[in-house]
Engineer: 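Input: one structure, supplied below.
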Amino acid sequence: MRLVIVGAGYVGLVTGACLSDFGFDTVCVDSDPERIAMLQEGRVPIHEPGLEQLIANNQVAGRLTFSTTYEGVSEAEVVFIAVGTPSRRGDDEADMAFVHQAARDIARALTDYTVVVTKSTVPVGTARQIEAIIKAENPKADFDMAANPEFLREGSAVADFITPDRIVIGAEAERARERLRALYLPLVMRRVPIVFTGLESAELIKYAANAYLAIRIAFVNELADLCGGVGADIQAVIRGVGLDERIGLNYLQPGPGFGGSCLPKDIRALIATGRAAAHRLTVVEAAKSSNDRRVEGLAHRVADAVGGDLKGKRIAVFGLAFKADTDDMRRAASLTLVPALTEAGASVAACDPVAMQAARRHFCGIDWAEEPYEAATGADAVVVMTEWNLFRGLDLERLAQVMKQPLVIDFRNIYLTGEMERAGFTYISLGRPPVMPD
Ligand SMILES: NC(=O)c1ccc[n+]([C@@H]2O[C@H](COP(=O)([O-])OP(=O)(O)OC[C@H]3O[C@@H](n4cnc5c(N)ncnc54)[C@H](O)[C@@H]3O)[C@@H](O)[C@H]2O)c1
């Protein structure tokens with residue numbers, strides 16, 4: 001089977017690399033010539049564990065190629081659309097400009113029967129819209145639409161793609177279902193369930209999954225604050241609650257507020273869909289405002305910890321990416337925290353093992369440190385924003401020594417309170433009693 005993947009970003013590249021590894025001839029198309037030139041030279045523009053090797057293997061084997069043109073579409077049996085669907089400027093709805101452009105370009109290149117698949121996260125009704133666009137652009141095109149949303153997580157995207165919990169395929173034509181079943185056969189053989197649905201259901205499943213995850217995080221974040229207020233320990237509460245099989249322990253850790261390229265924009269798009277259909281999703285709306293408040297309040301928490309006033313304070317920020325194992329800075333909580341710290345008169349030294357390059361264009365007037373001890377040198381406080389293993393494994397005594405005062409504000413709960421106490425820190429974490437040296 002020959003495949004084209006339109007959009008060579010986090011989802012498109014991982015999809016292309018993994019499907020070519022299944023043995024399919026795959027062309028990844030991107031409208032960004034620099035990105036394609038890099039990939040053709042064997043360089044990978046994003047950080048994703050295992051991806052570089054997978055791409056290299058399949059490039060060498062001749063199964064995976066990169067192009068800025070849609071030429072490959074005419075020979076492809078399946079074409080995936082994996083372009084971005086960011087929030088539209090000024091409102092909550094998803095911006096469909098990239099998807100619609102891709103649909104027009106695919107339409108012009110279609111020849112024989114092809115299954116056109118949306119892998120991007122797209123609002124309900126998009127597959128039918130694309131169908132109409134293709135028919136208008138190329139009335140003779142022989143194709144069927146399918147919706148195959150992607151559930152991979154950045155940081156473990158390759159592993160998630162090849163061992164997913166399920167594959168969701170929305171398709172009405174039996175021919176399209178059969179072709180996609182054949183495509184995913186290597187996973188079906190490993191007993192990955194396929195959920196076949198209609199187009200609208202598949203589109204909604206993706207948003208519903210992300211909205212549920214967002215609600216869970218917003219809930220555990222508020223619960224952590226309550227624990228802090230009443231002397232309970234959130235880690236104990238999570239374990240006691242999460243061992244209930246109806247609830248589960250996954251995705252139940254407090255943090256600085258969710259960010260990233262998906263949850264914030266996807267819940268906004270789902271809220272917009274609900275409003276447009278006169279079925280408001282008030283629970284999702286509440287999760288969104290809870291999260292917005294939390295992220296905006298991070299700088300106040302840091303100010304409180306340093307005595308109320310950030311003016312003249314030196315703050316070391318550990319981690320800038322929205323989560324560990326990625327260089328993705330989209331809607332990272334650090335994008336709100338760092339400017340708020342500097343506006344309040346603090347000086348900031350930041351350190352991230354992978355996202356520094358991506359982060360540099362977002363911040364000005366801060367110091368960049370190569371490693372955490374350098375960032376912490378002379379600091380009034382360290383703020384942990386991303387749960388990188390690098391920060392978990394630090395020599396805490398050395399950290400305390402290089403700081404002006406040993407104060408850590410941990411928005412990821414990566415340290416044990418006992419070890420922080422032994423190392424002499426004042427340690428403020430989420431939903432656990434603060435550690436205060438005598
Ligand atoms: N990133 C994730 O973790 C993740 C997970 C699941 C689903 N998704 C969804 O997948 C989609 C893609 O997300 P992403 O993070 O990979 O985006 P991305 O921004 O990393 O990549 C999108 C790529 O598409 C290219 N592009 C845009 N218009 C194009 C066109 N007309 N023709 C060819 N290329 C074009 C861009 O140049 C870019 O390289 C989004 O809808 C997103 O919500 C993302």
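Note that ligands are numbered from 1 as they come in the structure, with each ligand's atoms numbered from 1 the same way.
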Engineer: Considering non-hydrogen atoms of the protein only, which is the closest contact for atom 1 (N) of ligand 1, and what is the distance?
Structural biologist: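 The protein heavy atom lying closest is Glu154 OE2, 2.7 Å.
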Engineer: Taking only heavy atoms of Val6, which atoms of ligand 1 are found under 4.0 Å from at least one of them?
Structural biologist: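 Counting atoms of ligand 1 from 1, those under 4.0 Å from Val6 are 32 (N), 33 (C).
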Engineer: Below 4.0 angstrom from a heavy atom of Thr85, which ligand 1 atoms are there? Numbered from 1 as shown, please.
Structural biologist: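 Close to Thr85: 40 (C), 41 (O), 43 (O).
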Engineer: Only counting residues at least two apart or in another chain, list the ones meeting side-chain contact (heavy atoms from CB on, under 4.5 Å) with Arg239.
Structural biologist: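 Testing Arg239 for side-chain contact (heavy atoms from CB on, under 4.5 Å), a comparison that skips the adjacent residues, returns Leu243.
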Engineer: As an exercise, state the distance from OG1 of Thr114 to CD of Glu75, rounded to the nearest 0.5 Å.
Structural biologist: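 Answer for the OG1-CD pair, Thr114 versus Glu75, is 11.0 Å.
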Engineer: Apply side-chain hydrogen bond (donor to acceptor under 3.5 Å, both in side chains) to the pair Thr85 and Lys265, showing each step before the final yes or no.
Structural biologist: CA-CA 9 Å; Thr85 48; Lys265 71 150 176 92; 3.2 Å; yes
Engineer: Do Phe258 and Ile267 make a side-chain contact, defined as non-hydrogen atoms from C-beta onward lying under 4.5 Å apart?
Structural biologist: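 Yes - at least one pair of side-chain heavy atoms lies under 4.5 Å apart.
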Engineer: Would you mind finding which of Asp328, Val29, Thr15, Asp30 brings a heavy atom closest to atom 36 (C) of ligand 1?
Structural biologist: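 Nearest option to atom 36 (C) of ligand 1, by heavy atoms: Asp30.
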Engineer: Hey, looking at atom 42 (C) of ligand 1, which of Glu150, Arg330, Lys265 has the closest heavy atom?
Structural biologist: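 Closest candidate by heavy-atom distance is Lys265.
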Engineer: Which atoms of ligand 1 are found less than 4.0 Å from any heavy atom of Ala82?
Structural biologist: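 So the atoms of ligand 1 that pass are 12 (C).
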Engineer: So if I count the atoms of ligand 1 from 1 in the order they appear, which ones are less than 4.0 Å from some heavy atom of Tyr70?
Structural biologist: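 This gives 30 (C), 31 (N), 32 (N), 33 (C) as the contact atoms.
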Engineer: List the steps, then state whether salt bridge (Lys or Arg N to Asp or Glu O under 4.0 Å) holds for Arg88 with Asp91.
Structural biologist: CA-CA 6 Å; Arg88 216 161 54 184; Asp91 66 31; 2.9 Å; yes
Engineer: Please state whether Phe151 comes within less than 4.0 angstrom of ligand 1, counting heavy atoms only.
Structural biologist: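 Judged by the 4.0 Å heavy-atom criterion, Phe151 does not count as contacting ligand 1.
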Engineer: Which of the listed options, Pro33, Ala269, Cys262, holds the heavy atom that is closest to atom 4 (C) of ligand 1?
Structural biologist: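 Selected option, by shortest heavy-atom distance: Cys262.
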Engineer: Both conditions, 6.0 Å and 45 degrees, for the charged tip of Arg108 above the ring of Tyr70: are they met here?
Structural biologist: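 No, Arg108 does not lie over the aromatic ring of Tyr70.
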Engineer: Would you check the N or O atoms of Asp266, main chain and side chain alike, for any that come under 3.5 Å of an N or O of ligand 1?
Structural biologist: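 For ligand 1, there is no N or O atom that lies under 3.5 Å from one belonging to Asp266.
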Engineer: Using a 3.5 Å cut-off on N or O atoms only, is Asp105 in polar contact with ligand 1?
Structural biologist: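 By distance alone, the answer is no.
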Engineer: Please work out whether any backbone atom (N, CA, C, O) or any side-chain heavy atom from C-beta onward of Arg35 is under 4.0 Å from ligand 1, and answer side chain, backbone, both or neither.
Structural biologist: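 Only the side chain of Arg35 comes within reach of ligand 1.
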Engineer: Can you confirm whether more than 12 heavy atoms, excluding those of Gln129, are under 6.0 Å from its CD atom?
Structural biologist: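 More than 12 within 6.0 Å, yes.
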Engineer: Show your working on salt bridge (Lys or Arg N to Asp or Glu O under 4.0 Å) between Glu285 and Arg280 and close with a plain yes or no.
Structural biologist: CA-CA 8 Å; Glu285 290 178 18; Arg280 277 183 62 184; 2.5 Å; yes
Engineer: What are the atoms of ligand 1, with element, lying closer than 4.0 Å to any heavy atom of Lys206?
Structural biologist: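 Answer, ordered by atom number: 6 (C).
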Engineer: Under 4.0 Å from a heavy atom of Phe98: which atoms of ligand 1 are those, numbered in the order shown and with their elements?
Structural biologist: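 Counting atoms of ligand 1 from 1, those under 4.0 Å from Phe98 are 27 (C), 28 (N), 31 (N).
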Engineer: Show me which atoms of ligand 1 lie under 4.0 Å from any heavy atom of Gly9.
Structural biologist: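 So the atoms of ligand 1 that pass are 16 (O), 18 (P), 20 (O), 21 (O), 23 (C).
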Engineer: Should Tyr10 be counted as touching ligand 1, given the test is an N or O pair under 3.5 Å?
Structural biologist: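 Between Tyr10 and ligand 1, an N or O pair is found under 3.5 Å apart.
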Engineer: I'd like to check which ligand 1 atoms, numbered from 1 as shown, lie under 4.0 Å from a non-hydrogen atom of Gly84.
Structural biologist: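 Matching atoms, with element in brackets: 22 (C).
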Engineer: Determine whether the side chain, the backbone, both or neither of Ser31 has a heavy atom under 4.0 Å from any heavy atom of ligand 1.
Structural biologist: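 The answer is both, backbone and side chain.
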Engineer: Show, in sequence, the C-alpha distance, side-chain angles and deciding distance for Glu174 and Arg179, and conclude whether the salt bridge (Lys or Arg N to Asp or Glu O under 4.0 Å) test is met.
Structural biologist: CA-CA 9 Å; Glu174 192 47 40; Arg179 197 165 275 189; over 6 Å; no
Engineer: Any nitrogen or oxygen of Val11, side chain or backbone, less than 3.5 Å from one on ligand 1?
Structural biologist: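 Checking ligand 1 against Val11, an N or O pair does fall under 3.5 Å apart.
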Engineer: Roughly how far, to the nearest 0.5 Å, is OG1 of Thr126 from CD1 of Ile81?
Structural biologist: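 Output value for this atom pair is 9.5 Å.
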